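All ligand and atom numbering here is 1-based and tracks the order in the structure. Bear in mind the structure is a predicted one, so any value in this text is a computation, not a measurement.
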Amino acid sequence: MSNASVPKIDRFSLPDAGGHFGVYGGVYVPETLMTALQELEQAYEAAKNDPQFQAELKHHLKEFAGRPTELYFAERLTNHVGGAKIYLKREDLLHTGAHKINNALAQVLLARRMGKKRIIAETGAGQHGVATAAACAKFGLECVVYMGAVDMERQSLNVFRMRLMGAEVRAVDAGQKTLKEAVNEALRDWVTNVRNTHYVLGTAYGPHPYPKMVRDFHRVIGLEAKEQIRAREGRLPDELIACVGGGSNAIGLFFEFLEDTEIRMTGVEAGGRGIRRGEHAARFAGGRLGVLQGCKTFLLQDSDGQIEPTHSVSAGLDYAAVGPEHAFYHERGRIEFAYATDDEVLAAFQLCSRLEGIIPALESTHALAYALKRAKELPKEKIIIASLSGRGDKDVQQVQAMLAAKTGGK
Ligand SMILES: *Cc1c(COP(=O)(O)O)cnc(C)c1O
């Protein structure tokens, strides 16, 4: 049965040559970066069509990162809910603990191919920084990671991990001292050192070609999932669910299924403490069109266009803007968006740990919380695949403190 309300989609027609997904995307950067972005796009397109690069990438994704990842039937969660079957795409099993290594490894290989000896990256919670530091260590490249001073304090273990692997972590003291400021600082560095430096951006966001390139590096998630669910169930799933920060793990899972319009896809944003100014990061619940950090998209802003503060229990979803491809498919009605609140996430985090023996990342738990809700509404023969984008080891201390605060320390 095909969904007549969704127009036919040619997923490869986007973005256009200027990096546009409809009105979203594009290249909003200072002139000094235009040459670097064009050079990157050319190098990327050449690498994409080079069987030798693809073979090399595939080899390292297997041997270093641990692909393919399992598609895991969450039997006890499924029985607990009593509805649709829930499968988890286990990106949490990858080296360094999240899907981020797919992109970091690929961009570092690309930089090496371009003859760039120095790598820079931004990081929020530290997952992308750790993945980039690991890839740089493996290939012997210099690595500088920009991180907000507040985030460095909150995620001091990830700072130590990056330094152990030889990366230099530079504290950013501007503004809110979190991810947005770290991106600004990385862009500033890139403008100054563009000759020998590649900027490994960590999500499907920013100026063209990043949203497209990062998406392509995560397509492997959906390619594997499609093959795995066919082998396991003999058919495609009914629904796909993934959390959306910038949108990379979600578009990685969704992309292979975009043209299968009978499959429902839902991106789950951070509902935080509820949909009030400064209390959440659900861009599709209160955001509107604007430009931030090289890209035109949906963002949380005030009436003057100033970026609103955001909040989420998970640092990886705590960003005021969303990837342009998601904004486009939201507008077209192909990808739906929901949000999970901090409290729903905390409950699902404990449930998954107790029933499956899997501690999920707080980011991924947003997808899980919504998957549990949807599974309950659906009959038993339906199939849901949720993206388990990362593991929760990084989050256990925070959750312990939150639970202690709730129970008054008992
Ligand atoms: C960074 C991160 C996210 C959010 O990033 P996307 O680009 O939206 O995927 C989600 N899950 C985990 C585990 C992360 O580390």
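- With a 4.0 Å heavy-atom cut-off, ligand 1 is reached by no atom of D92.
- E325 has its side chain within reach of F255: a pair of non-hydrogen atoms, C-beta onward, lies under 4.5 Å apart.
- For G246, a nitrogen or oxygen atom sits less than 3.5 Å from a nitrogen or oxygen atom of ligand 1, counting backbone and side chain alike.
- Some N or O of S248 is nearer than 3.5 Å to an N or O of ligand 1, by distance alone.
- Taking the six-membered ring for Trp and the full ring otherwise, the centers of Y205 and Y319 sit less than 6.0 Å from each other.
- Taking the centre and axis of the six-membered ring of Y28, the NZ or CZ atom of K296 falls outside the cone set by 45° and 6.0 Å.
- Polar contact check, Q127 against ligand 1: no nitrogen or oxygen pair lies under 3.5 Å apart.
- The number of heavy-atom neighbours closer than 6.0 Å to CD of E377, taken from other residues, nucleotides and ligands shown, is above 12.
- Under the 4.0 Å criterion applied to side-chain N and carboxylate O atoms, R219 and E256 are assigned as salt-bridge partners.
- At a heavy-atom cutoff of 4.0 Å, ligand 1 is contacted by the side chain of H99 but not by its backbone.
- With a heavy-atom cut-off of 4.0 Å, K100 touches ligand 1 through its side chain alone.
- Listed by atom number, the atoms of ligand 1 under 4.0 Å from G245 heavy atoms are 8 (O).
- Ligand 1 places these atoms under 4.0 Å from at least one heavy atom of G316: 4 (C).
- No side-chain donor-acceptor contact under 3.5 Å links T178 to the backbone of G148.
- Between V244 and ligand 1, not a single N/O pair is under 3.5 Å apart.
- Residue contacts with ligand 1 do not include A204, since none of its heavy atoms lies under 4.0 Å from the ligand.
- For R232 and Y87, the positive end is not near the middle of the six-membered ring at less than 6.0 Å and at most 45° from its axis.
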